[in-house]
Amino acid sequence: MMKKTYSRRMSICAMGFSNSGGGGNGGSSPSSPVSHHGHSASISGFSPAAGLGFSTLKPLNSRRPLTLAEIMRQQMRVTEQSDNRLRKSLMRTLVGQMGRRPETIILPLELLRHLKPSEFNDLHEYHIWQKRQLKILEVGLLLYPSIPTDKSNPLVIRLREIIRAGDLNPIDTSKNSDMMRSLCNVVVSLAWRGTNGTPTDVCHWVDGYPFNIHMYTSLLQAIFDVKEEIMVLDEVDELLELMKKTWSILGINRSIHNACFTWVLFQQYVVTNQIEPKLLSAAYTMLTEVEIDAIKPDKETTYVKVLSSMLVSIKSWVEKRLLYYHECFNKGNIDEIENLLPLALFSAKVLSEDVGIMEGEGEGSKKGDAMLVDSTSDCLDRYIRSSVKNAFVKMIENENVKHIEENGGPSVALLDLAKETEDLAAKERELFSPILKKWHPIAGGVAAVTLHQCYGTVLKQYLAKTIMLTDEIVGVLQRAEKVEKVLVQMVVEDSEECDDGGKGIIREMIPYEFDSTRLKLLRQWIDERLKKEKELLCRVKETETWNPKSKSEPYTQSCMELMRSANQMVKDFFDIPIGITDDLILDLAEGLKLIFQEYITFVASCGSKESHLPELPPLTRCNHDSKFFKLWRKANPCSVGIQDMHQIITSERNHTRPSMSRGTQRLYVRLNTLHYLISHLHSLDKTLTLSPKVSTTRNHLGDSHKHCGASPSHFKHVNTLIQSACDHVSEVAAYRLVFLDSKLVFYESLYVGEVGNARIRPLIKVLKQNLTLLTAILTDKAQALATKEIMKASFEAFVLVLLAGGPSRFFERSDHEMIEEDFESLKRVFCTCGEGLIPEDVVQSEAEPIEGVIALMGQTTEQLAEDLCIISRGTSGTGATSPGQKLPMPPTTRRWNSGDPNTILRVLCHRNDREANQFLKKEFQLPKRK
């Protein structure tokens, strides 16, 4: 079957042991792909050019060919001087022992015995050489012995002492040297001991793992030409046969040789920069021989260690390239993948199935034994996904550098990345997938899915930092949509021949869901802008002083800022270049509504009217002999001086300037602010409701407003809340103005002493001044409500003067007409205020209860007492009372009217006559005024 044509190439399938190999021992002989029938040969069926390159060593002396020993010496780079020393030592060792077996010779020991310092150039050279021999003994007998040693063994201790001594100075190796005798005894004893420590007939000095493997692979390296390292020597068979003579010494057998030879071929491929793929093919061929050895039972421990170390290293190196095949391969060397893939897959197969070794160390073993049991498809799947991911990461790094240098934004970078992603997918489809598809049916689909996931991750990270949909972002989403279509199409085309039609791989492609992404981004935008609006609200609440911005803008700066920001938000919202749905508008309106509600609550937080109302004095009987009148008379002995005394008491009420304080003015600024909100909320609501940007059909509520012309409804509840706040602020401001700011001219002076000397005219002047100032402060729309509340507060203050004026006030029945006239003046102020701010019927409606109280003051004491008795008994349900039974004390309801028993009682308490005094004393035991 051997071809007889001359060739310098060998078949990759002839590597290993061959039954027809040259040399003795038949099938156990290690063999190269070279036959002895000619310089080289190849197995039938393979081209001779498909093998490894061969070279022939030229002899130093051209008159004769080199012997095997000379070839080996040159290959091992041994000098002639060292070779001569070795030969002399061996000759001296074998003198008289010609039948001695080679494996019984402890070579370093014999060299130390027979070579003297005189055979070296100088003592230093000899010392270096001697330390080397001692180091070999240390490694073979102490560090890596085939039979483990005990550190406490005296022989071990002694050998270490000798080696340590040799490190410092050369040891004496003469025949009479005690050190040399001790060294010989220790080395021989350790080398010839058995497993139980007793002497045996087998010598072990260089067969311990991994020392023996390093020695043997160094020998195997000699088959390669030292000048052309990718070439194998023609004499490879003879050299391997020569190396076989070391097996018994090194503890090597055929299985270990095959593993070592595989490793040497693979290692040579790596160290020669992978320029000769035939070396890789030869290593793969040898791996098939290794598999045969690996499936044999009862494998030696040393063999398992050698095999696992070799396979793990091969698999690790190959996977480093396959996991980054986009970086490592291109059009020029793409075919190399077809050689590497089988090697990686076969190594994994032998490791997991035949050897059963768990991959516990080395790079590429992070997943432990799980990696070893992967199927071919799983392995290819891992290579594809890893390489695509790594290539994608490289693209991102390049894009980052590029756009940093060019000052480009992230949107531009993502658009460029989309283009490069499509290019990478095309490269995968055209260059790598046709090769990988031989082992994986949907290799291109896996790459496309991985790219889809990678780009999706970057897109997600980019969108996570985005709070506003702009034209740039819309462009990014549109470009991403195109990338997704390209990758989906790639998966579909690659999955046509799959049993499931590619459904499994397609399920891994989680869609980018652009519609939901846009919707999510819009909601994020709304949330972010509402958050900023909330922050603005918190700031203005902390800094608000309730001063108007200017005379022409009599409302707060905070309200203007809040509304300006809200309007800008709505404008930006509708400027987003995508369709807007009703749901999104409702979300935005709902968020704004909550902010406005909080601001309105803040504006309306100004206390209550009750805080300004005076406490009602205790009920007493009117008494001319009270301390008040005694002091009055003492200060004015002449009765005609009463009018002068009243003028002293009420001198300050005659000032005609407004009494409105700064605090009250600030309350009216709040009222202006609320009306400013009303007007601007209407415009904002209209924008949200009627915008042409809304892409969906309007809801029934929006349609009804649109068709019937009603006002927008997004802020209907807010408008209601504003109206309530306006009522509250107006009420509090009015009561503050009347009961606090105007206290001196109203509650504390009106009708004090005698009615005729303390009429309402001064109060009317101050009230008119206050109303004039009020119209200057308030906007037109706020004036009516504020004036109405001042009217109600003034009427309540007037009735309190009559019913709860305290000990400084008393009334005669004859005062009724003056009081009635004064109240008419007070009513007239509000009827004529402004241009119909308060209609007369409203004024009259609010005045009716007060007029009823004034009417009571015109009745006789007897009539009042009778009415009180009737109403009190009717209210309490007691009916007619028996003699001596007292009337119940009517409760104070503050609902002053002519039918209220407490109101009638208070009129009697202020009636300055004897009948009223006696009635109150008899029925209620009220005390006299002090």
Side-chain angles (χ1 to χ4, degrees), residues 60-61 67 69-97 100 102-145 149 151 153-192 203-208 210-212 214-219 221-222 226 246 249-250:
L60 296 178
N61 185 352
T67 64
E70 288 174 332
I71 294 174
M72 197 68 183
R73 179 179 67 77
Q74 288 188 22
Q75 291 294 99
M76 298 295 292
R77 296 176 177 83
V78 178
T79 63
E80 291 188 16
Q81 184 181 22
S82 297
D83 184 56
N84 291 332
R85 291 174 188 153
L86 180 60
R87 291 177 182 274
K88 290 180 182 179
S89 298
L90 289 175
M91 290 299 295
R92 292 168 184 170
T93 300
L94 295 175
V95 171
Q97 305 181 51
R100 185 175 178 179
E103 60 267 22
T104 63
I105 300 174
I106 305 174
L107 188 59
L109 182 62
E110 297 301 331
L111 291 173
L112 289 171
R113 288 177 56 199
H114 297 294
L115 291 182
K116 306 304 177 185
S118 59
E119 299 183 53
F120 293 85
N121 295 327
D122 53 42
L123 187 60
H124 177 68
E125 181 184 351
Y126 172 74
H127 187 206
I128 293 175
W129 174 86
Q130 188 185 77
K131 287 196 295 183
R132 177 178 175 83
Q133 310 313 310
L134 292 173
K135 178 60 67 174
I136 293 174
L137 291 174
E138 180 184 20
V139 173
L141 296 175
L142 300 182
L143 299 182
Y144 303 107
T149 57
K151 292 182 180 181
N153 189 322
L155 297 174
V156 173
I157 296 173
R158 180 55 181 157
L159 180 56
R160 290 189 185 281
E161 291 175 352
I162 296 173
I163 293 172
R164 197 177 299 116
D167 284 340
L168 300 176
N169 295 296
I171 62 174
D172 184 6
T173 59
S174 61
K175 292 183 179 180
N176 299 324
S177 170
D178 293 336
M179 180 74 76
M180 192 61 199
R181 280 196 298 271
S182 178
L183 177 62
C184 291
N185 293 335
V186 169
V187 169
V188 170
S189 299
L190 290 174
W192 288 90
C203 181
H204 304 278
W205 67 274
V206 71
D207 55 351
F211 183 40
N212 59 338
H214 283 293
M215 296 289 284
Y216 190 63
T217 54
S218 297
L219 292 175
Q221 287 289 336
V226 293
T246 66
I249 301 174
L250 297 175

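Just so it is clear, the model here is predicted, and its values are computed rather than measured.
In terms of the salt bridge (charged side-chain N to carboxylate O under 4.0 Å, His left out) criterion, R132 has no residue partners (sequence neighbours excluded). For P210, the side chain to side chain contact (heavy atoms under 4.5 Å, CB included) partners two or more places apart in sequence, or in a different chain, are Y144, H214. For D178, the side-chain hydrogen bond (donor to acceptor under 3.5 Å, both in side chains) test picks out R181, with sequence neighbours left out. A search for side chain to side chain contact (heavy atoms under 4.5 Å, CB included) contacts involving R87 returns A69, D83, not counting sequence neighbours.
In this structure the side chain of V206 never reaches within 4.5 angstrom of the side chain of I136, judged on heavy atoms. Two residues are said to be in side-chain contact when any heavy atoms from C-beta on lie closer than 4.5 Å; P170 and H127 meet this criterion. At a threshold of 4.5 Å between non-hydrogen side-chain atoms, the residues N84 and Q81 do not count as touching. Residues T104 and W192 form a side-chain contact, since some pair of their non-hydrogen atoms from C-beta on lies under 4.5 Å apart. Residues D172 and M180 are not in side-chain contact: their nearest non-hydrogen atoms beyond the backbone lie 4.5 Å or more apart. When side chains are defined from C-beta on, T173 does not count as touching Q133, because their heavy atoms never get closer than 4.5 Å.
Q130 contributes a side-chain N or O that, together with a main-chain N or O of I171, makes up a donor-acceptor pair within less than 3.5 Å. Using modelled atom types, no side-chain atom of H204 and backbone atom of L141 make a donor-acceptor pair closer than 3.5 Å.
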Are V78 and L86 close enough, and set up right, to give a side-chain contact (heavy atoms from CB on, under 4.5 Å), and what steps lead you there?
CA-CA 10 Å; V78 178; L86 180 60; over 6 Å; no
Verify side-chain contact (heavy atoms from CB on, under 4.5 Å) between T246 and Y216, making sure each step is shown before the conclusion.
CA-CA 8 Å; T246 66; Y216 190 63; 4.0 Å; yes
Evaluate side-chain contact (heavy atoms from CB on, under 4.5 Å) for E125 paired with D122, printing each intermediate quantity in order.
CA-CA 6 Å; E125 181 184 351; D122 53 42; 3.2 Å; yes
side-chain contact (heavy atoms from CB on, under 4.5 Å) evaluation trace for L250 with F211
CA-CA 9 Å; L250 297 175; F211 183 40; over 6 Å; no
Distance-only donor-acceptor pairs under 3.5 Å for side chains of residues 155-162, two or more places apart:
residue: R158; atom: NE; partner: S182; partner atom: OG; Å: 2.9
residue: R158; atom: NH1; partner: E161; partner atom: OE1; Å: 3.2

Please list every donor-acceptor pair under 3.5 Å in which a side-chain atom of residues 105-114 meets a protein atom from a residue at least two apart or in another chain.
residue: E110; atom: OE1; partner: T93; partner atom: OG1; Å: 3.3
residue: E110; atom: OE1; partner: R113; partner atom: NH1; Å: 3.2
residue: E110; atom: OE1; partner: H114; partner atom: NE2; Å: 3.3
residue: E110; atom: OE2; partner: R113; partner atom: NH1; Å: 3.3
residue: H114; atom: NE2; partner: T93; partner atom: OG1; Å: 3.4

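Nearest heavy atom pair, residue C203 against residue D207, reads O-OD2, 4.5 Å.
For the atom pair L115 CG and K88 NZ, the distance stands at 8.5 Å (nearest 0.5 Å). Atom CG in L190 sits 11.0 Å away from atom CG in N185 (nearest 0.5 Å). The structure places NZ of K131 at 10.0 Å from CG of L134, a figure rounded to the nearest 0.5 Å.
With 3.5 Å as the limit, one finds a donor-acceptor pair spanning the side chains of S82 and T79.
Electrostatic pairing of E119 and K116 does not count as a salt bridge here, judged by no charged N lying under 4.0 Å from a carboxylate O.
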